[in-house]
Each structure stands twice: as C-alpha cells, then as structure tokens.
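Down below is the structure, laid out as structure tokens.
Start at 1 with the first residue, then count along the sequence. Excluded from the calculations below are hydrogen atoms, water molecules and symmetry mates; all remaining heavy atoms, backbone and side chain alike, are included.
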Amino acid sequence: LVKGEDLATCIVTMAVTLAAIMATASTQMVDGASPPIVPLGHRWSAETAAMTSRGGAVVSGATATATDPVADFQMFNHVCTTDHFGYTDLPKFNLRVFVNDTYWDSTAGPIFFYTGNEAPITEFIKNTGALLEYAPKFKAMVVFVEHRYYGDSWTNGSFPFGTAAFEPENLRYLTVEQALADFEEVALALRIKYKAPAETAIITFGGSYGANLALWSRLKNPNIFAGAIASSVSVQKNLLRKTNAFAMVVTDAYGNVSATCPKLIRAAWNELETKGATASGRADLKTELGLCQAPSSQADAVSLGGWYHGALETMAQYGYPYPTSFYNPVPGYPFKVACEQMVKVGTPLGALRAAAEVYYNYTGQAGKCFGVGETAREGGPATPSDAPPSGWGYQTCTEVYQPMPSNGLYPAPGGDMFPPSTPNKTAIFSSCQSRYGVVPRPNWEENHFGGPNIGAGSNIFLSSGQVDPWSAAGIPAIKVAAGGTPPPSIEIHENLMGAHHLDIRASNPLDPASVVECRTKQQAAMRVWIAEWAANPPLPVTGGYDE
C-alpha cells in the first residue's frame, strides 16, 4: 500500500487506504470483544510523554524538554521564484525560512542549512536536534528551509499559487530541480540579508529525501555550499525497484534479534489466507489477533496484512534506542522488543499480535481489542479537513519513483519475510495518469543526479543506519578504478544499530557508540570544510537573483 511512497510521511495515506478497503473493522477499541490485552514491554514514562510535541513526534530524545524547538527560531518568508527554468513572469510565492542566529559569529561563523523534506519544515526542526547542538561549538547560524508545496497549513506553508497549488497546471512546478534552485536562491538571499562575508561557509544538512537534496545541492553548487552532511540518502532507486533489498533490511532487523521472528512472520501471512477462507477460521483470527471484529471475508483477512506490514517496517525504520512517538508511542528498539515477544508467544498469528502490541498498544491505548484502519490510530491526530494535501504522491508519480517488491523466500538466501509482491508498473502508471495527468520517469533521478557516482564531488559526509530499510538505496562505497583510492573528502559511515537519520537527531545517552563516533567525524569534517572555504572562497555573488 505504501510501496511507492516514503513511509516516513505516508503512514497517514496507508491508514486512509486501509480504511477504505477494510470496512469490516473499526479502530475504536470496545469492551467485551476479546480478553484484555496487556501491553508488552515497559510503560511509556511521564518523562517521555513530556518530550512529545504537537503531532506526537518526540522532539529530541531522552534529554529533550517539553519546549517546542520551533520557538527558538525566527521565521521569515522568502519571496521565491516559482519557475527557475522559465522566463515567463509567474507570481512569486512565500517560502518559509526558519533561522536561529543565537550562537552565530557574523564575522567567521558558518551557516548550517537544512534542506527541507516532504513535510512541514517544523517537523524537521523538532526532530533534527544535532544542528542546534553543533551551533555553539561552531558559532554557527542554523537555518531550516521548507520544501515548496509543503507546510503546516495553507497560511503557514510554502505553496506556489496558494490554495491553487495542486491544480494540475500548477503541479508541474513541484520538482526536485525547482526545490534545489529554491535552496540556492535562499542561500544567496541569506548572505545579503545577514551581511555574511564571502568567507562564511554554508553547509547543507538533510535526512532521508532531505539528505538527497543536501547531497545534490553540494554536487550541483559547490560555489554556494561548502559541504554536505547527508544522513540516510536513498539515491539508488533502481535497487529498490529491481530487488527486495528494502524488505531484506527489515527482515534482517528482526532476524538479527532471533531467526525465529522472520520465520513466524512469514508463516503468518499464509495463516491469514487459509483461516480467512472459512467463517470458523475468521473467528479464530478474531480471537488470536485480538480483533474487535472478525474479518467478513478471505479478502478482508488477507488485507489485514497491510496493517501489520506497516508496523513491522516502521519499527525498523524508526527503531531508535530510546522511546519515541512519531506515529504511535513505542519503546526503544521497538523491533527488538517485538521480536522478543514473538519468540515468547511462538506462533505465527501470535507474532503478528505481538508486533501490534508493541506498535499500536505500547501504552495500553488500544483497550481490550484491536480495530484496524482509522487515521487517528495509526498517524496521531486526525488530519484537519482544511489541511493542504501532500505533494509526495505527485513526486512519486514523476521523479521519485520507488515501488518495491518482496519475495517471501525467507529463510532462503536473499529471502525476506513479507508476502511475495511484484509492483504492477502498468497499474501504477495508469493510476498516476488518472490522479495527476502524468506518468513516472523511473530512471530520470539517477541519470540526472548521478546515483552513486559521486566520486567527482568533494566535502560530502554520508551516513546510513544498519536497521534503516532505506539504506538499501544508499551509497555504501565510492566506486574507484582498480588500484585507485576514494576521494578523501567524501566520507561514508554506517551506524551500527542505527535507524533512519539517527545521527542528526539530538544526542541521547542511549545512542550507540557508532552514532557518537559518526557525529565526531561529522564535526571534524566540517571544521576542515569551513577552513578551506574561508581560505579560498568562491568569487562573491553580489546581488542574488533580484539584482
């Protein structure tokens, strides 16, 4: 259900889709349908609860406070060019830029520049605490720039054409290239607005899709950006489309805890199908899975798998070492906690229920039985009816094309624990044409930006997480000729037991040693880049775009 979209921002889409296809269930937990479910693991602490910000996202780990970090920034609207590659006089739009210059030395300090992702930029301010931790050490300004076509609301966002942004004729300006040009324009405008000298180094930061943008900004504009810290890049989309690599990383996350867990999960999909074929079997599913209602048909029983599939993937992707609450409150290393419970239960359907207990019921919020499909259950507070739509669906129908197969062959070498699935390219293209009047260009992104072939670049630090499934599309090494050596100014670091862009979140006492090491290396690399830039700045740009 979410194979073509980044799970980090499309969990709500998954929930809405599941609601449409599983009308047999309700997510409101009711009394009396099943024996009480005792939430697994330790309870979510009051301290952790205090860490949550609006929307349920933990701000910055166990050391955070209830203070909203967005309040530490000043926001201004940059009047931004709508079409950087055309010459018609289109109306400009307000692009939100958040600045914290508390620690900035305006004569010698760098600018840390976060390239916004496919969601409101405020969410990344709340969950990317490393920049503010680095700022006093470097006397740096910290800047977060929103991605065009995203925002908290129509009035608090960055939408070309305002509320008409998602009209078919206006969506054409939602591209990676336009977003990169936005960042370039803002960087030049910042120099003018804050009178930053030519020796001021601007370093891009990003996580996930934002990491791709940070990387490409440095590669495309080394005259503007002095370096890039890119955490959890996913630039090899062909590997996601052509292999089950994404599913294998998720499988390995559980399998490295116990090989029993993937075996139980793989068997569970078959039980959904076989038990779903009869009324008595569906009644068994209700009892064994702790559902509020029995599936009404075999198709409904099988479709339950999407609910569990999403939980299993998310617990790996966001498997941080401390409790968090992106979409639901979960314990530290939730995939590990879930797998340990699966082993204790020892049955396939019991394994699915164990996963649901950790992901959907960690605080006991589920009540006495599980229902399936309500947005508020899976994605935090319900989306306001007047909220802008997400632009990510359009992006995955154009440049960011990433449907992912699974083979279900675990424990065979190269096998994963999910049901065999091959994305239907014809159906996906037809859906994109129907929804947006466009069809994807699968290879455009890699051909245009180079994929893993970044050896001609410099001043780049790439990090990935061992349990993050998006690492399957990352860059594990720089390809060099026989006998050659990788460029010394491009560093690659794997965070063992690290999840999705963990290293650019705020530090936490529970962070694994590899993440602590990663941050130390990042800071050392930046000091070199900053010194190099100061010693030999590119020729200054004196007027920006509006000279």
Side-chain angles (χ1 to χ4, degrees), residues 70 73-101 111 113-125 141-196 202 204 206 209-210 212-214 216-217 220-221 223-225 386-395 398-400 436-438 448 540-547:
V70 178
F73 287 77
Q74 293 181 326
M75 191 277 286
F76 73 88
N77 285 314
H78 171 73
V79 181
C80 193
T81 303
T82 296
D83 182 10
H84 296 280
F85 307 105
Y87 297 93
T88 56
D89 189 21
L90 290 175
K92 295 189 176 185
F93 71 100
N94 287 335
L95 184 72
R96 292 199 300 174
V97 180
F98 288 77
V99 176
N100 182 314
D101 61 356
I111 297 174
F113 188 104
Y114 189 94
T115 52
N117 302 41
E118 69 284 28
I121 193 61
T122 49
E123 296 306 314
F124 299 103
I125 294 174
M141 176 190 294
V142 177
V143 178
F144 282 77
V145 184
E146 192 155 63
H147 194 296
R148 58 170 53 202
Y149 288 81
Y150 293 94
D152 292 295
S153 66
W154 288 118
T155 54
N156 293 304
S158 301
F159 298 100
F161 309 102
T163 56
F166 292 90
E167 295 297 322
E169 65 271 20
N170 295 333
L171 271 173
R172 71 184 68 183
Y173 302 105
L174 174 51
T175 68
V176 173
E177 292 79 5
Q178 297 281 7
L180 291 173
D182 290 345
F183 300 142
E184 173 188 337
E185 182 176 312
V186 170
L188 296 176
L190 285 170
R191 287 191 177 277
I192 297 169
K193 180 179 178 68
Y194 290 94
K195 298 180 173 59
I202 303 179
T204 59
Y209 169 54
N212 296 358
L213 298 173
W216 295 331
S217 292
K220 178 179 178 293
N221 286 116
N223 60 314
I224 295 176
F225 301 108
D386 61 345
S390 171
W392 193 240
Y394 178 82
Q395 291 193 258
T398 50
E399 297 174 295
V400 193
Y436 303 113
V438 298
H448 188 59
V541 176
T542 57
Y545 273 56
D546 296 323
E547 183 178 17

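Under the side-chain hydrogen bond (donor to acceptor under 3.5 Å, both in side chains) criterion, Asn77 pairs with no residue, sequence neighbours left out. The side-chain hydrogen bond (donor to acceptor under 3.5 Å, both in side chains) search around Thr163 returns none, not counting sequence neighbours. Scored by the side-chain contact (heavy atoms from CB on, under 4.5 Å) test, Ala165 finds Tyr149, Trp154, Phe159 as partners (sequence neighbours excluded). Asn94 pairs by the side-chain hydrogen bond (donor to acceptor under 3.5 Å, both in side chains) definition with nothing, not counting sequence neighbours. For Phe161, the ring pair (Phe, Tyr, Trp, His ring centres under 6.0 Å) partners are Tyr173, not counting sequence neighbours. Evaluation of the side-chain contact (heavy atoms from CB on, under 4.5 Å) rule for Pro168 yields no partner, not counting sequence neighbours. With sequence neighbours excluded, the residues satisfying ring pair (Phe, Tyr, Trp, His ring centres under 6.0 Å) with Tyr150 are His147. Remark: Ser217 engages no residue in a side-chain hydrogen bond (donor to acceptor under 3.5 Å, both in side chains) (not counting sequence neighbours).
A heavy-atom distance below 4.5 Å is found between the side chains of Gln178 and Phe85. Proximity of Val142 to Phe98: side-chain heavy atoms (C-beta onward) are nowhere separated by under 4.5 Å. Under the 4.5 Å side-chain criterion, counting only non-hydrogen atoms from C-beta, Met75 is not in contact with Val97. In this structure, Pro120 and Glu146 have side chains that are in contact, with non-hydrogen atoms separated by less than 4.5 Å. Residues Val143 and Leu190 have side chains in contact (heavy-atom distance under 4.5 Å, counting atoms from C-beta outward). Using a 4.5 Å heavy-atom threshold, the side chains of Tyr194 and Ile111 count as separate. When side chains are defined from C-beta on, Arg96 counts as touching Asp152, because their heavy atoms get closer than 4.5 Å. Inter-residue side-chain proximity for Leu95 and Val145 is flagged as met; some heavy-atom pair is nearer than 4.5 Å.
Nearest heavy-atom pair, Phe183 versus Leu213, reported as atom, atom and distance to 0.1 Å: CE1-CD1, 3.9 Å. Of all non-hydrogen atoms in Thr122 and Val70, the two that sit nearest each other are O-CG2, 3.8 Å. Nearest heavy atoms, Ile224 versus Glu184: CD1-CG, 3.2 Å. Leu174 and Tyr394 get closest at one heavy-atom pair: O-CE2, 3.5 Å.
At distances below 3.5 Å, at least one donor-acceptor pair connects side-chain atoms of Thr82 with backbone N or O atoms of Pro91. Side chain of Gln74 to backbone of Asn100: no donor-acceptor contact under 3.5 angstrom is found. Of the possible polar contacts, none joining the Thr81 side chain to the Asp83 backbone as a donor-acceptor pair under 3.5 Å is found. Thr115 places no side-chain N or O within donor-acceptor distance of the main-chain N or O of Gly206, the cut-off being under 3.5 Å.
Within the cation-pi definition used here (under 6.0 Å to the ring centroid, within 45° of the axis), Lys220 does not qualify as a partner of Phe225.
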**Prompt:** Yes or no on side-chain contact (heavy atoms from CB on, under 4.5 Å) for Tyr114 and Ile121, after CA distance, side-chain angles and deciding distance?
**Reply:** CA-CA 9 Å; Tyr114 189 94; Ile121 193 61; 4.1 Å; yes

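Separation of the Phe144 and Phe124 ring centroids does not fall under the 6.0 Å cut-off.
Considering CD of Glu185 and CG of Leu180, their distance stands at 13.0 Å, rounded to 0.5 Å.
Residue pairs satisfying the salt bridge (charged side-chain N to carboxylate O under 4.0 Å, His left out) criterion with at least one member in residues 159-182, sequence neighbours excluded, are listed as follows: Arg148-Asp182.
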